[in-house]
Amino acid sequence: MSEELQLETLALHTGIHRSQFNEHSEAMYLTSSFVFDSAEQAAARFMGQEPGNIYSRFTNPTVTAFEERLAVLEGAETCIATSSGMSAILACVMGLLSAGDHIVASRSLFGATVNLFNNILKKFNIDTTFVSATDAKAWQAAIQPNTKLFFLETPSNPLTEISDIVELAGIAKKAGIWLAVDNCFCTPILQKPLELGADIVIHSATKYLDGQGRILGGAVLGKRELMMDGGIYGFLRTAGPTMSAFNAWVVLKGLETLNIRMQAHSENALKMAQWLELQPSIQRVYYPGLASHPQYELAKRQQKSGGGIVTFEVKGGREAAWRVINSSRLISITANLGDAKSTLTHPATTTHARISQEAREAAGISEGMLRIAVGLEAVQDIQADLARGL
Ligand SMILES: *Cc1c(COP(=O)(O)O)cnc(C)c1O
């Protein structure tokens, strides 16, 4: 595919390998294994002397099509699809790290990522130091001789803190540390971490890449050498949390509309954030596209727009927050995000309920806080639905 084509075009035309039937929409290859012409060919494929599919835990044409398309969008040499966002993060650390290695990670990470680092990796003698997402000096100070990986999400969930990818990539590079960015909230449409100096991009394809809340999926992207020789692909091929052909097909088609969806999510979210700021029952609104956001200038430099997630604090604590949730008729009460339908969640009692109250307060997650993943409905309908409980 020509490199001169624009992203929205590439999202539609990359990764197409038509079968003998010349189908227009991409075919789905639901098969666990592939047939060889001869014993010689089977042997050559297994020895890696001849390219081609063997078994869907290793490669599958539908999964490959998704990988090619997402790689082009992120500007990555290589993309490896996984069964979920969490297995993408697991594959990244299992591939790159060994017992005795150390991670420096943002304190504002997805809850399951914190549990993976804190509870599971620790059993294998991989320790993590958590630092502020926005304090580059703290990242520098947390580096140990055995630090191998910086790991962050930006904007963070639910507070929409922005980490400076260029600055942290500079610190990481100088110290010989890999920087991994979970780009789930922005997608490559709004933010390109590899262009900003990151070594690895992580995705939960479950969110905006699918965009309609249908499947679980994930991806790890970066330089070919790191993905292949670094052991990430080897871990997946051996341990098995690969993406299924069906899920790959769904999210492959999701990528075709990603550009217009992300623009529409961002436009709706900005309107929601501006409207929420005017409501007397709201204490504070967190959205990177608002001039009142403490890192508005950085967000403007780093992201194309603010994205679809708006967090806000209602006056009156948990009771008032739950009233907003329970008064809604249109917005779905669910912790998922990145769906075409708006979703509303109370982080303190759902996504962040398993961490201690102290840790929650240190992270700035209050009892009156709500997070809305703004969908593609008419924005006045979302506003009217929230207004019922405000
Ligand atoms: C949902 C999410 C994940 C985990 O993805 P799954 O597909 O649910 O495994 C990781 N990071 C972020 C930022 C997420 O929102």
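For the single chain, residues carry numbers from 1 onward in sequence order. In each ligand, atom 1 is the first atom listed, and ligand 1 is the first ligand listed.
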Gln49, CD: over 12 other non-hydrogen atoms inside 6.0 angstrom:
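Count over threshold, so yes.
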
Does Phe110 have Lys207 sitting over its ring (NZ/CZ under 6.0 Å from centre, angle to axis within 45°)?
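Ring-cation test returns yes.
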
According to salt bridge (Lys or Arg N to Asp or Glu O under 4.0 Å), does anything in residues 226-253 pair up with another residue at least two apart or in another chain? List the pairs.
Glu26-Lys253, Lys253-Glu256

In chain order, what residues pass the ring-ring contact (aromatic ring centres under 6.0 Å, His included) check against Tyr29, with sequence neighbours excluded?
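ring-ring contact (aromatic ring centres under 6.0 Å, His included) list for Tyr29, sorted by chain: empty.
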
Residues forming a side chain to side chain contact (heavy atoms under 4.5 Å, CB included) with Ser98, sequence neighbours excluded:
Asp101

Is it true that Arg284 and Glu313 have a side-chain N and a carboxylate O under 4.0 angstrom from each other?
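No salt bridge links Arg284 with Glu313.
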
Can you list every pair where an N/O of ligand 1 is under 3.5 Å from an N/O on the protein?
from, atom 1, to, atom 2, distance (Å)
ligand 1, 5 (O), Ser204, OG, 3.0
ligand 1, 7 (O), Gly85, N, 2.8
ligand 1, 7 (O), Ser204, OG, 2.9
ligand 1, 7 (O), Thr206, OG1, 2.6
ligand 1, 9 (O), Gly85, N, 3.1
ligand 1, 9 (O), Met86, N, 2.9
ligand 1, 11 (N), Asp182, OD2, 2.6
ligand 1, 15 (O), Lys207, NZ, 2.7

